[in-house]
Amino acid sequence: MNQEKNTAVVTVLGRDRVGIIADVSRLLADYGININDISQTILDDIFTMVMMVDLKDLIIEESDISDKLTELGKKLGVQITIQHTGLFNAMHTI
Amino acid sequence: MINEHEIIETMQMFNSQHLDIRTITMGISLMDCAAPTVEESCNRIYDKICKYAGKLVETGELISKKYGIPIIHKRISVTPISIVASACGAKDYTPFAQVLDKAARTCGVNFIGGFSALVQKGYTNSDKILINSIPDALAATELVCSSVNVASTRTGINMDAVRDMGLIIKKTAEATKDKDALGCAKLVVFANAPEDNPFMAGAFLGPGEPECVINVGISGPGVVKHALEQVRGKDFGTVAETIKKAAFKITRVGELVAREASERLKVPFGIIDLSLAPTPAVGDSVARLLEEFGLETCGTWGTTAALAMLNDAVKKGGIMASSYVGGLSGAFIPVSEDEGMIAAARSGSLKLEKLEAMTCVCSVGLDMIAIPGDTTAETISGIIADEMAVGTFNNKTTAVRLIPVPGKNVGDSVEFGGLLGTAPIMDVNRASCADFIHRGGRIPAPVHSMRN
């Protein structure tokens with residue numbers, strides 16, 4: 001397996017509303033996760049936000065970060081997921 | 001560097017197109033569990049499976065969490081029990097099925113495959129005992145899957161086994177009639193069975209396989225269908241290219257999961273089986289995917305050509321994505337497990353004969369098809385014989401998983417639930433083939449088996 005950087009992609013799908021970025025960023029900050037890049041777009045009427053984040057030493061599957069993000073998503077009425085970048089590299093690079 | 005477009009595309013594959021890892025299947029050799037008594041052998045089997053697969057489910061869940069990938073099933077495949085049990089002297093192998101069931105429960109897996117025999121050229125004494133034990137074994141267990149390989153391109157077709165399996169399928173239906181013959185949904189008859197297939201009910205760990213191995217089965221008819229929706233009206237070259245690209249991406253997900261599982265479990269990675277395996281969920285159907293080629297209903301003229309092209313393009317995309325593509329790899333066409341197939345069968349557009357033609361170019365065979373309960377054992381054997389001929393003479397895997405549902409007839413349907421779905425009872429040609437089936441012996445291997 002590639003010894004790639006420990007980075008992840010956080011995606012937010014759903015209806016846009018004030019404060020989504022703030023809430024998600026705050027939660028990520030609590031885990032010491034650094035946001036490298038944010039972009040957002042409207043796709044098929046669905047608000048989509050993609051954050052590239054640096055996990056530093058955090059191991060997604062050993063932490064409760066994904067549960068906490070799901071929980072926050074439910075509160076905000078959107079779907080929030082965190083996925084290790086390895087997935088996207090595997091699928092989209094030869 | 002990945003871009004936003006690719007990330008969103010990936011998210012859509014998981015969210016709305018039902019992309020999933022169908023199964024992480026751990027193959028475990030039980031060769032060293034042979035023992036002079038049933039008890040000793042079963043103890044060894046239980047201990048070995050639990051030792052090797054104890055962390056399989058947990059590992060699958062961790063990988064699922066890391067990458068946000070749904071991993072639907074964790075399964076185990078083992079050495080064909082007819083080999084493992086041959087030294088124990090028993091006359092009934094049901095206890096072996098029960099110990100497999102128990103071990104599977106302890107490990108928390110969804111299925112365990114390998115209550116199997118390889119009899120393409122003939123029976124050992126043990127093969128015979130195993131085959132006769134199938135009806136009781138499947139009635140007494142829940143998670144155990146059984147398969148019998150009765151033909152291969154190298155050896156021809158064992159017609160004694162074809163005859164016997166017709167009867168065994170009937171008996172299995174009878175033994176599990178309180179559950180609408182559910183036992184038959186866990187019993188496959190093969191030609192050219194792959195020894196590393198992670199999919200059920202046909203998974204077992206062949207004699208040439210290692211001590212322990214991780215094989216991953218990945219699915220995604222919805223992803224391919226979505227890709228084809230973007231090229232409506234374009235020529236077949238574009239269609240082939242589109243399928244290949246989608247298959248490539250799907251296979252890469254499988255490869256990632258397989259390598260990670262292999263590393264975490266410290267077990268070698270075997271193969272990725274890239275099979276478009278449908279589920280009864282809307283949007284996860286191979287039939288609907290075929291219809292996206294431009295067919296009004298699956299089963300109409302053009303279906304076989306579309307399936308042939310689909311199956312081939314899927315393989316081509318897959319082999320570019322992973323050096324270890326194996327198993328069945330292609331498109332599955334089970335009827336009960338596919339919302340579009342069910343609809344096509346109900347509408348009368350899809351018939352058993354057309355399904356047989358489709359199996360010439362798909363990756364498996366007549367799969368999850370419910371037929372009237374009063375179909376004779378000989379007729380079932382006849383269907384098996386035809387399907388085995390398709391596999392043997394075309395150098396490919398074919399399989400038969402038929403469910404003669406006691407007390408039901410054309411117009412009825414059966415509900416199996418979960419991934420097994422709903423099956424409308426399909427009509428069967430009733431003209432007798434009994435004299436053909438009772439000849440016995442072997443159909444010789446085809447001339448193109450002489451490759452040396």
Would you mind checking which part of Phe269(B) comes under 4.5 Å of any heavy atom in chain A, side chain (CB onward), backbone (N, CA, C, O), both or neither?
neither
Counting heavy-atom pairs under 4.5 Å with chain B, the top scorer among Thr81(A), Ile59(A), Thr48(A), Thr11(A) is Thr11(A)
Part of Glu61(B) lying under 4.5 Å from any heavy atom of chain A
neither
Working to the nearest 0.5 Å, report the span between CD of Gln83(A) and CD1 of Ile69(B).
7.5 Å
Report, as yes or no, whether the 6.0 Å neighbourhood of atom CE on Met309(B) holds more than 12 heavy atoms from other residues, nucleotides or ligands.
yes
Separation between CG of Leu62(B) and CD1 of Ile60(A), rounded to the nearest 0.5 Å
11.5 Å
Any chance CZ of Arg105(B) has more than 12 other-residue heavy atoms, nucleotides or ligands included, within less than 6.0 Å?
yes
NZ (Lys65(B)) and CD1 (Ile82(A)) are apart, to the nearest 0.5 Å, by 10.5 Å
Which portion of Asp67(A) sits near chain B, non-hydrogen atoms under 4.5 angstrom:
side chain
Proximal component of Glu62(A), with respect to chain B [non-hydrogen, under 4.5 Å]:
neither
With a 4.5 angstrom heavy-atom cut-off, could you sort out which part of Glu9(B) is near chain A: side chain, backbone, both or neither?
side chain
So with a 6.0 Å cut-off around NZ of Lys74(A), is the heavy-atom count from everything else above 12?
no
Approximate separation, where rounding is to 0.5 Å, of Arg264(B) CZ and Glu61(A) CD
4.5 Å
Checking the side chain of Arg252(B) only, and the main-chain atoms of Ile94(A) only, is there a donor and an acceptor separated by less than 3.5 Å?
no
Counting only heavy atoms from other residues, nucleotides and ligands, does the tally under 6.0 Å from OH of Tyr31(A) exceed 12?
yes
side-chain contact (heavy atoms from CB on, under 4.5 Å) between Met11(B) and Val50(A), worked out
CA-CA 11 Å; Met11(B) 294 306 296; Val50(A) 176; over 6 Å; no
Let me know if Ile8(B) has heavy atoms under 4.5 Å from chain A in its side chain, its backbone, both or neither.
side chain
Output the distance between atom CD1 (Ile7(B)) and atom CE (Met91(A)), rounded to the nearest 0.5 Å.
11.5 Å
